[in-house]
Amino acid sequence: MNRIQNLFAASRRSGRKIFAAYLTMGFPDMEISRRAVEALIENGADIIEFGVPFSDPMADGPVIREAGRKSLERGTTLESVLATIAQLRGKYPQTPFVLFSYYNVLFSRGLEKFASEAEAAGVDAVLAVDVVLEDRAELLSVLRAHGMTLVPLVAPTTPLERVAEIAKGVEDSFLYAITVKGVTGARTELPPELEQRLGEIKSVSGMPVLAGFGVSTPRQAEMIGHAADGFIVGSAIVRILLDHPDESGVEELGRFAASFR
């Protein structure tokens, strides 16, 4: 089994829900990003999603867009993100690492070259936001050849029949269930029908399900945990670094992560 499967197997045995954390890498700089990852893991995050900044982040809300813009201005590249992942892999050999990006970033690098570099860095899975079921075969094939898998997205409007199709061939991963329509960003409330929807996704897919987009409080995470295998926090984490783009932000991230445990 891979690291993702091992984590979810341990979660089922213990009953402990999975906490996945997203960071826009390279903001406010790569050193702070690296230390932020360490703070998140050491305070309870189980999976890290390493966001590669992109110039046209269509799925991202204003917080992640702003962080991505500033990261690109500082010269962050896919190569520098992978180098940081490689540093962190040595310190955290069992933590699943997901590279979060857009297809153009990967394609521009060359899929084979990218996959080889990602494997060497210690990436477990790739989440390419704009790659849909019908277009994922080539990317998934290249990832498989390098011991990695793909994390598929499931939208609030995705029919359950399509959810079942999306799950085929990526059973060694997890489904990222989007909680709300629209782009990323913290919400004060999540949809009342979300718990039922997550249960249906789990039922038809037979896969672990994590829910994200809008999750910003332990109360929301607990609600999600009633039906899903865990939760994903992104914009609320990036917001902390936007407000505190220095070492104090790293310390605040540690306290924030611990509150979810």
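Values reported hereafter were calculated over all heavy atoms of this structure, with side chains retained and with hydrogens, waters and symmetry mates removed.
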* For T158 and R197, work out which heavy atoms get closest and say how close. => O-NH2, 2.8 Å

* Asked: If only atom types and distance count, is the side chain of S141 paired as donor or acceptor with the main-chain N or O of A137 below 3.5 Å?
  -> no

* Do the side chains of V132 and Y102 join up, straight or via other hydrophobic residues, at under 4.5 Å, putting them in one cluster? -> no

* Is there a donor-acceptor pair under 3.5 Å between the side chain of S33 and the backbone N or O of G26? -> yes

* Asked: When P53 is tested against each of L78, L72, I64 for side chain to side chain contact (heavy atoms under 4.5 Å, CB included), which residue passes?
  -> L72

* Asked: Do L106 and S101 come close enough that some side-chain heavy atom pair is under 4.5 Å?
  -> yes

* Asked: Just wondering, do E117 and K113 contact through their side chains at under 4.5 Å, heavy atoms?
  -> yes

* Asked: Under a 4.5 Å cut-off applied to non-hydrogen side-chain atoms, are I166 and E161 in contact?
  -> no

Acceptor/donor pairs from residues 119-126 side chains to any protein atom, 3.5 angstrom cut, sequence neighbours excluded:
from: E119; atom 1: OE1; to: H146; atom 2: ND1; distance (Å): 2.8
from: D124; atom 1: OD1; to: R3; atom 2: NH1; distance (Å): 2.6
from: D124; atom 1: OD2; to: R89; atom 2: NH2; distance (Å): 2.9
from: D124; atom 1: OD2; to: F97; atom 2: N; distance (Å): 2.7

* If every non-hydrogen atom of G249 is compared with every non-hydrogen atom of L241, which pair is closest and at what distance? -> C-CD2, 4.0 Å

* Is the Y22 ring parallel, tilted or perpendicular to the F100 ring (thresholds 30°, 60°)? -> perpendicular

* Checking salt bridge (charged side-chain N to carboxylate O under 4.0 Å, His left out) for the pair E73/K70: CA distance, chi angles, key distance, verdict? -> CA-CA 5 Å; E73 288 175 353; K70 292 183 176 182; over 6 Å; no

* With no hydrogens and no angle check, is any side-chain donor or acceptor of S11 less than 3.5 Å from a backbone partner on L7? -> no

* Asked: How long is the gap from OG1 on T84 to CE on M25, to the nearest 0.5 Å?
  -> 5.0 Å

* To do: Answer whether the closest heavy-atom distance between the side chains of R65 and T24 falls below 4.5 Å.
  => no

* Asked: Side chains of D229 and K202: closer than 4.5 Å at any heavy-atom pair?
  -> yes

* To do: Would you please test E49 and I237 for side chain to side chain contact (heavy atoms under 4.5 Å, CB included) and show each step?
  => CA-CA 12 Å; E49 293 181 347; I237 287 172; over 6 Å; no

* Asked: Given side chains that start at C-beta, do those of N43 and R261 come closer than 4.5 Å, heavy atoms only?
  -> no

* Asked: Donor-acceptor pair, R74 side chain versus F27 backbone, under 3.5 Å?
  -> no

* Asked: Is a donor on one side and an acceptor on the other found under 3.5 Å between the side chain of T76 and the backbone of S71?
  -> yes

* How far apart are the C-alpha atoms of D46 and R16, what are their side-chain angles, what is the distance that settles it, and do they pass the salt bridge (charged side-chain N to carboxylate O under 4.0 Å, His left out) test? -> CA-CA 11 Å; D46 300 296; R16 180 178 182 269; 2.8 Å; yes

* To do: Compare every heavy atom of M148 with every heavy atom of R144, then report the nearest pair and how far apart it is.
  => NH1-O, 3.4 Å

* Are the side chains of V154 and Y176 in touch, meaning some heavy atoms are under 4.5 Å apart? -> no

* **From CA spacing to verdict: side chain to side chain donor-acceptor pair (under 3.5 Å), S216, Q220** => CA-CA 7 Å; S216 60; Q220 292 171 334; 3.3 Å; yes

* To do: Could you tell me whether the side chains of Y92 and E42 share a donor-acceptor contact shorter than 3.5 Å?
  => yes

* To do: Test V250 against I32 for side chain to side chain contact (heavy atoms under 4.5 Å, CB included), laying out the working first.
  => CA-CA 7 Å; V250 174; I32 292 291; 4.0 Å; yes

* **Residues that E252 engages under salt bridge (charged side-chain N to carboxylate O under 4.0 Å, His left out), provided they are two or more places apart** => R255

* Can you tell me how far OG of S205 sits from CD1 of I201, rounded to the nearest 0.5 angstrom? -> 7.5 Å

* Check whether any side-chain N or O of K17 sits under 3.5 Å from a backbone N or O of A228 as a donor-acceptor pair, and report yes or no. => yes

* Over 12 non-hydrogen atoms of neighbours within 6.0 angstrom of CD in E222 -> no

* Asked: Is there a side-chain contact between I18 and I232, using heavy atoms and a 4.5 Å cut-off?
  -> no

* Are more than 12 heavy atoms from other residues, nucleotides or ligands located less than 6.0 Å from atom CD of E79? -> no

* Please confirm whether the backbone N or O of V170 pairs with a side-chain atom of T149, one donor and one acceptor, at under 3.5 Å? => no

* Quick one: pull up CD1 in I48 and CG in L40 and give me the separation to the nearest 0.5 Å. => 5.0 Å

* Asked: Short question: side chain of T95, backbone of I47 - any donor-acceptor pair under 3.5 Å?
  -> no

* To do: Can you see which heavy atom on V215 is nearest to which on A211, and at what distance?
  => CG2-O, 4.0 Å

* To do: Search all heavy atoms of F54 against all heavy atoms of V105 and return the closest pair with its distance.
  => CD1-CG2, 3.5 Å

* To do: Dump the intermediate steps for salt bridge (charged side-chain N to carboxylate O under 4.0 Å, His left out) on R35 and D29, then the final yes or no.
  => CA-CA 10 Å; R35 298 194 64 173; D29 58 45; over 6 Å; no

* Asked: F50 and L23: side chain to side chain contact (heavy atoms under 4.5 Å, CB included), yes or no, with the steps?
  -> CA-CA 6 Å; F50 294 83; L23 274 173; over 6 Å; no

* Straight-line distance of L143 CG to L111 CG, nearest 0.5 Å -> 8.0 Å

* In terms of heavy-atom contacts, does CD of Q196 have more than 12 from other residues, nucleotides or ligands at under 6.0 Å? -> no

* To do: Could you tell me whether a side-chain N or O of T179 sits under 3.5 Å from a main-chain N or O of G212, the two making a donor and an acceptor?
  => yes

* Do NZ/NE/NH1/NH2 and the carboxylate oxygens of R69 and E66 come within less than 4.0 Å? -> yes

* Mind checking the CG-CZ spacing from L253 to R239? Nearest 0.5 Å is all I need. => 12.5 Å

* Does V142 belong to the same Ile/Leu/Val/Met/Phe/Trp/Tyr cluster as V129, with side-chain heavy atoms less than 4.5 Å apart forming each link? -> yes

* Would you please name every residue forming a ring-ring contact (aromatic ring centres under 6.0 Å, His included) with F256, sequence neighbours left out? => F260

* To do: Considering non-hydrogen atoms only, spot the tightest contact between E138 and Y103 and give its length.
  => OE1-OH, 3.9 Å

* Evaluate the side chain to side chain contact (heavy atoms under 4.5 Å, CB included) criterion for residues L175 and V163: first the C-alpha distance (whole Å), next the side-chain angles of each, then the deciding distance (0.1 Å), finally the verdict. => CA-CA 9 Å; L175 293 183; V163 172; 4.2 Å; yes

